Every structure is written in C-alpha cells, then in structure tokens.
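I'd like to ask you about the structure that follows.
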2 protein chains.
Amino acid sequence: MQTTLAPIEAPFARPQRLVPAAPAAATGQRIADRLRLIETVLAPKRRIVHAGDVIYRSGEAFSHLYLLNSGLFKLLSVSAEGREQVVGLKFRGDWMGFGAIAKGAYACDAVAMDTAEVWTVPYDELLRACAAHPALIEIVHEAMSSEIMRDRDSLTAMSTLPADARVVAFLHDWAAALADRGLRADQFSLRLTRAEIGNYLGLTLETVSRVLSKLVREQLITFNAPSRRDVCIPDFDALALFVQRRAARDLH
Amino acid sequence: MQTTLAPIEAPFARPQRLVPAAPAAATGQRIADRLRLIETVLAPKRRIVHAGDVIYRSGEAFSHLYLLNSGLFKLLSVSAEGREQVVGLKFRGDWMGFGAIAKGAYACDAVAMDTAEVWTVPYDELLRACAAHPALIEIVHEAMSSEIMRDRDSLTAMSTLPADARVVAFLHDWAAALADRGLRADQFSLRLTRAEIGNYLGLTLETVSRVLSKLVREQLITFNAPSRRDVCIPDFDALALFVQRRAARDLH
DNA sequence: CGAACGGTTGAGAGAACTCAACTGAAGTGG
DNA sequence: CCACTTCAGTTGAGTTCTCTCAACCGTTCG
C-alpha cells in the first residue's frame, strides 16, 4: 500500500467517531447548542435550498461563511477543464467556506444534495461579533480545527487503506456523522451515486460497486429495497473492526 | 485512477503556488510581515530545537500553538500500535497545533527535522490578544484556512494522481514553499528519506525511488553529489506541466 | 572491519483499473 | 400504453500499475 515507517492501526479511527453510542440524551446536543448560540448572537439569514442548488462557486469572491442547519452538501473542486472532484461532505452543524478565507475566493462549489437550510454569515460581521462574544471565536476555531482534523484523517485513510477498507471507513464515518447529530445511524440513504463515492474515495465506480457487493455477501451491510442506496448497518462496530483489521493486515 | 465525474486538470495546482516567480522584492515578504506582527503583539517565547526534537506529542493536552520561524518540521500521526504516518510538513511561517483545538489534545507528534526556531503561543493568551488586535484574528484565520486548503489539495492529489505525478507534485510543492519564503527553489535538500516521502504520499519507498530515477532520466530533476537528497530542478514549470499532463491523461 | 542504514533495481504477485456487456428503473414521446 | 432512451448499478475478463520480496551498492559509524 505505502511505505511503513512503523506499525499502524486504524487511521480512520477518529476518537469522537469511535464513541457512537453517546448517551441518547446528549446525542446531537453539542451541535444543537452551538447552532443555537450562533443563531442568537448572529441572527443569520436563513435560506432554504433544494438538491442541485449551488451556494457558492469556485472563483467567486469570498464574503460569507455558511452554516448548515439541515440537509446535506457536497463540496466540489472544479478544474478549469470542468472535471469535478468531491472534496468534502457537509452535515448539519458544519460550516462551509473556511477554505476561502486565506485566498479571498472560494476554491470549490458548494452543492446541495437535498432540501437543506443554510444560514448565511457575513465574514466581517462574524469578526465584529467575535470581539463582543468570546465564546463565538472558540466555536469558529473549533469548527476549523475539526475540519483540519477530518481532512487529515481522510488523507491518512487514502494513503494507508486498500479499496474495501476505504469504502467501509466511508460508511462508518457517514453513520458516525448521523449518530453525532442524533439521527439513526443503522439505516440511512447514501445520497451519492457510486461514481460520486468513488470520486470522493479515489476509486472507480466499479470498484465501489464490487466492494459494496462483497460487504453484502459478508453481511457487514444490507440494502433495503432494490434501490441499493438505502444501507442497513447491522453492526456499527464491525465496520471499525473491519477497517482496523484491514489496516493491520500489512503489518505482517 | 478513480472515478471521473467530469474532466479534470492539475489537482495540485494551488493558485498561490502556480505563481512561483513572485517579484523578487516581495518574495517571502508576506510571511515575514506576519511573523513580525505576531512577534510585536504577542512577544512569543522563542525556542531553538534540533533535528529529532519533539515539540508536542499525540495525546498531550492542548494548550499552545507553535509558530515556526525557521527550520522544518514534520507532523506524525502515531497509532496506538506505534505505526507512524507523515500527515504534514511545516515550513517557516507555518503554525502547528491547529488540529488540537477542537479535541483539546494534540493528535500528532511535531518533530523537528532540522535545527529550527519555534515560537510558543499560549492559546488562551492568543484569544485575549485577538480581542485587542483585530488584525491578529485575521492572521490566525488565514493560517487555518490555508491549512484546510492545503490538506484539500493533498487529498485531491492523492485520489487523482498516479505515483509518478504524486512525487512530482510533491517536489513542485516543496520548491514552491521555498520560493514563497524567499529561499532558492531550484536547488534544495529533501530532508526526508525515501521511506518518509513514500509514507507521506501513500507509496512504497521503492516506488518513490523508481520515480525519482525516472525523473532524472527524463531530465526533470538532477541530483547533486552522490547523496541523492540534494535535488536540482532545472525547470520549475516543467514539474507543474508534468503533473497536469499526467492528470489529463485519463481524460482520454 | 563489520553492521546498520539509505538507496537502487529487478522479477513476480496482487490490487485496482479499463473495457465491455448486461440489468432494472425511470422518464419521454409517439 | 408501450416502445425507446437514459441512467445507475452490477459483473466479468484482461490489462496495468503498484506492491512485495529480494539482491545489491555505497556510506557512515562504532
């Protein structure tokens, strides 16, 4: 797979994600609390969007951050030649647009995959509000920090995991993201095509399809109805274990 | 390589990097300016470290950010089993520790690869200073934003580029990082072993070695002395072109 | 001098990709 | 209402790329 400097374990093992069985009472509470604070302090403009709607486009001047209150977004890095690369998936409570601060322009397209509610936060207004509300700055830093960690984990997964473990880690993280938000994680609809999943994971759509078929054979997942997009995950921890085993494999 | 949603070009093409021929007068000025501001506002504690020294370790409680004033650092994600993964390389002007804000603990080891000067910035002090100096907050946000973008670009490269282009992109980015800091970019010493480069890029050390040999044959690089770590890059733009071509290859 | 280490190179194996055929579902127009 | 098309998905066969295993070289260091 790649060069081993020393033995490694599950690279996708994000501490917060590996504790999916959070007390039901607290499930999704942190995220909701933060949203409420943002709401009261900033009174952001709310906006309902539908699948396919684009919040910002690559190249546009940066001015706003966006906070997802519901729904699902994908971030697409679009090259000059028009090829697209999925570089991120955003759930409720996630911010969009952090990457644009440094360059003063968005570097990707933010596309809704669903009916969603987006809160619009003018960046300069946010900065002013930060001066008045110290808690705000910490929330923003925490969100950026999380994004950095998530990217880093993805990078590690990409460089250490074989195809099947990558797909499993993807499912695991998706389920964990839902669980974090208090949504049911044992059964959900992937809203991406095989091509999009493959694009995101650095695999071909055929490989993704083959892996999913294999996972069904191995009973790690099942599909509801013939749609083949509604996944059931009978044993969440088995996913993490699969990834771990697969990563451990090449340490002899 | 991976699923194509639409045609793509060079994924490593980071706008700021693709303009390496910055006016000599301004070269490295932005970074120096920011360092100077931090220095005057925060008066951070300076610290000289040597190759192999560790600034923080995975698992330690988060309390400080670190700003690199000179030298080179690597960030190592270390698993429970002790296997290491290079997840980042830091140059002068780069911050270390952003990833730790969210979880309150560092998730990787920061290891000096060189004699280096590190500035120590207590995070709570930084937050207080931000309230007084609005410019400071923008600098920090910009640094975090840059890190997000860099990770995202690496992810794209990992998922779209074949082995040779990945190595070339790595050299290109290294040279660009040096150029950004006013250092000579046409000739420099890679301070990583083949194993470390491979680990970072998700390749084996043998593949890295083979690619480098091929690049020498194709005159994209040369080595100084038999050390095989001192690289000459006769034509910087040729590197970007190589990556671009290699990425464009699979769009038929 | 011998051991350890970084690096190079070759041969064979294995993983993922490409190309291609096929299915089923959904949508369109006659 | 039913051909016809399109699109997502599955599966197979062959190819290609990268990895694994191995031998070997040169340098450094005890």
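All values reported here derive from a predicted model rather than from experimental measurement. Proteins come first, then strands; the chains are lettered A, B, ... in the order of their sequence lines, and each starts at number 1.
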Open item on the list: Could you check whether A/Arg181 pairs with A/Asp94 (Lys NZ or Arg NE/NH1/NH2 to Asp/Glu carboxylate O, under 4.0 Å)?
Closed with: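 Looking at A/Arg181 and A/Asp94, the cut-off is met.
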TODO: Could you tell me whether B/Lys74 and B/Glu84 make a salt bridge, using a distance below 4.0 angstrom between a side-chain N and a carboxylate O?
DONE: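 Result for this pair is no, no salt bridge flagged.
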TODO: Answer yes or no: is there an ion pair linking B/Asp180 with B/Arg92, defined by an N-O contact shorter than 4.0 Å?
DONE: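 Salt bridge flag = no for B/Arg92 with B/Asp180.
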Task: Spacing of A/Leu215 atom CG relative to D/dG9 atom C1', expressed in whole Å - done: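 Going from A/Leu215 (CG) to D/dG9 (C1'), I get 15 Å.
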Task: Separation of atom CG in B/Leu212 from atom P in C/dT8, rounded to whole Å - done: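 From B/Leu212 CG to C/dT8 P: 7 Å.
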Open item on the list: Can you confirm whether the side chains of A/Gln85 and B/Ser159 place a donor and an acceptor under 3.5 Å from each other?
Closed with: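 Yes, because at least one side-chain N or O of A/Gln85 sits under 3.5 Å from a partner of the opposite role on B/Ser159.
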Task: Side-chain N,O (A/Arg194) to OP1/OP2 (D/dG9) below 4.0 Å - done: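 Checking D/dG9 against A/Arg194, a side-chain N or O does come within under 4.0 Å of OP1 or OP2.
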Task: Separation of atom CE in A/Met113 from atom C1' in D/dA8, rounded to whole Å - done: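 Nearest whole value for this atom pair: 14 Å.
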Task: Side-chain (A/Glu218) to main-chain (A/Leu215) donor-acceptor, under 3.5 angstrom - done: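 Pair absent, no side-chain N/O of A/Glu218 close to backbone of A/Leu215.
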Pairs under 3.5 angstrom only: tabulate donor-acceptor contacts from the side chains of residues 108-120 of chain B to other protein residues two or more places apart or in another chain.
| from | atom 1 | to | atom 2 | distance (Å) |
| --- | --- | --- | --- | --- |
| B/Asp109 | OD1 | B/Ser58 | N | 2.7 |
| B/Thr115 | OG1 | B/His50 | ND1 | 3.4 |
| B/Glu117 | OE2 | B/Arg46 | NH1 | 2.5 |
| B/Glu117 | OE2 | B/Asn69 | ND2 | 3.4 |
| B/Glu117 | OE2 | B/Trp119 | NE1 | 2.7 |

Open item on the list: Output the rounded distance in Å from CG (A/Leu192) to P (D/dC7).
Closed with: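 So the CG-P distance, A/Leu192 to D/dC7, works out to 18 Å.
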Open item on the list: Between C1' on D/dT27 and CG on B/Asp230, what's the gap in Å once rounded to a whole number?
Closed with: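 One finds 15 Å between C1' of D/dT27 and CG of B/Asp230, rounded.
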Task: Nearest-0.5 Å distance that lies between atom CZ in A/Phe73 and atom OH in A/Tyr66 - done: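 Between A/Phe73 CZ and A/Tyr66 OH, I get 10.0 Å after rounding to 0.5 Å.
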Task: Main-chain N/O of B/Leu203 paired with B/Thr207 side-chain donor or acceptor, under 3.5 Å - done: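 Not a single qualifying donor-acceptor pair exists.
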Task: Gap between atoms NZ and P, on B/Lys214 and D/dT18 respectively (whole Å) - done: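 Computing the B/Lys214:NZ to D/dT18:P distance gives 9 Å.
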- [ ] Compare the minimum distances between each of D/dC19, C/dG6, D/dA8 and the side chain of A/Thr193, then state the nucleotide with the smallest one.
- [x]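 Looking only at side-chain atoms, A/Thr193 lies closest to D/dA8.
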Taking only N/O atoms, report every protein-nucleotides 11-13 of chain D pair under 3.5 Å with atom names and distance.
| from | atom 1 | to | atom 2 | distance (Å) |
| --- | --- | --- | --- | --- |
| D/dT11 | OP2 | A/Ser213 | OG | 2.6 |
| D/dG12 | N7 | A/Arg210 | NH1 | 2.8 |
| D/dG12 | O6 | A/Arg210 | NH2 | 3.3 |

- [ ] Would you check if the side chain of B/Gln187 reaches a backbone N or O of B/Asp230 as a donor-acceptor pair within less than 3.5 Å?
- [x]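 Side chain of B/Gln187 to backbone of B/Asp230: no pair is present.
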Open item on the list: Rounded to whole Å, how long is the line connecting atom CG of B/Leu190 with atom C1' of C/dG7?
Closed with: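 Taking CG of B/Leu190 and C1' of C/dG7, I get 13 Å after rounding.
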Open item on the list: Distance check needed: D/dT20 C1' versus B/Leu203 CG, whole Å only.
Closed with: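 Atom-to-atom, B/Leu203 to D/dT20, this comes out as 14 Å.
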- [ ] Rounding to 10 degrees, work out the angle separating the end axes of the helix from C/dC1-D/dG30 to C/dG30-D/dC1 (five pairs an end).
- [x]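 The end-segment axes of the helix from C/dC1-D/dG30 to C/dG30-D/dC1 are tilted 30° relative to each other.
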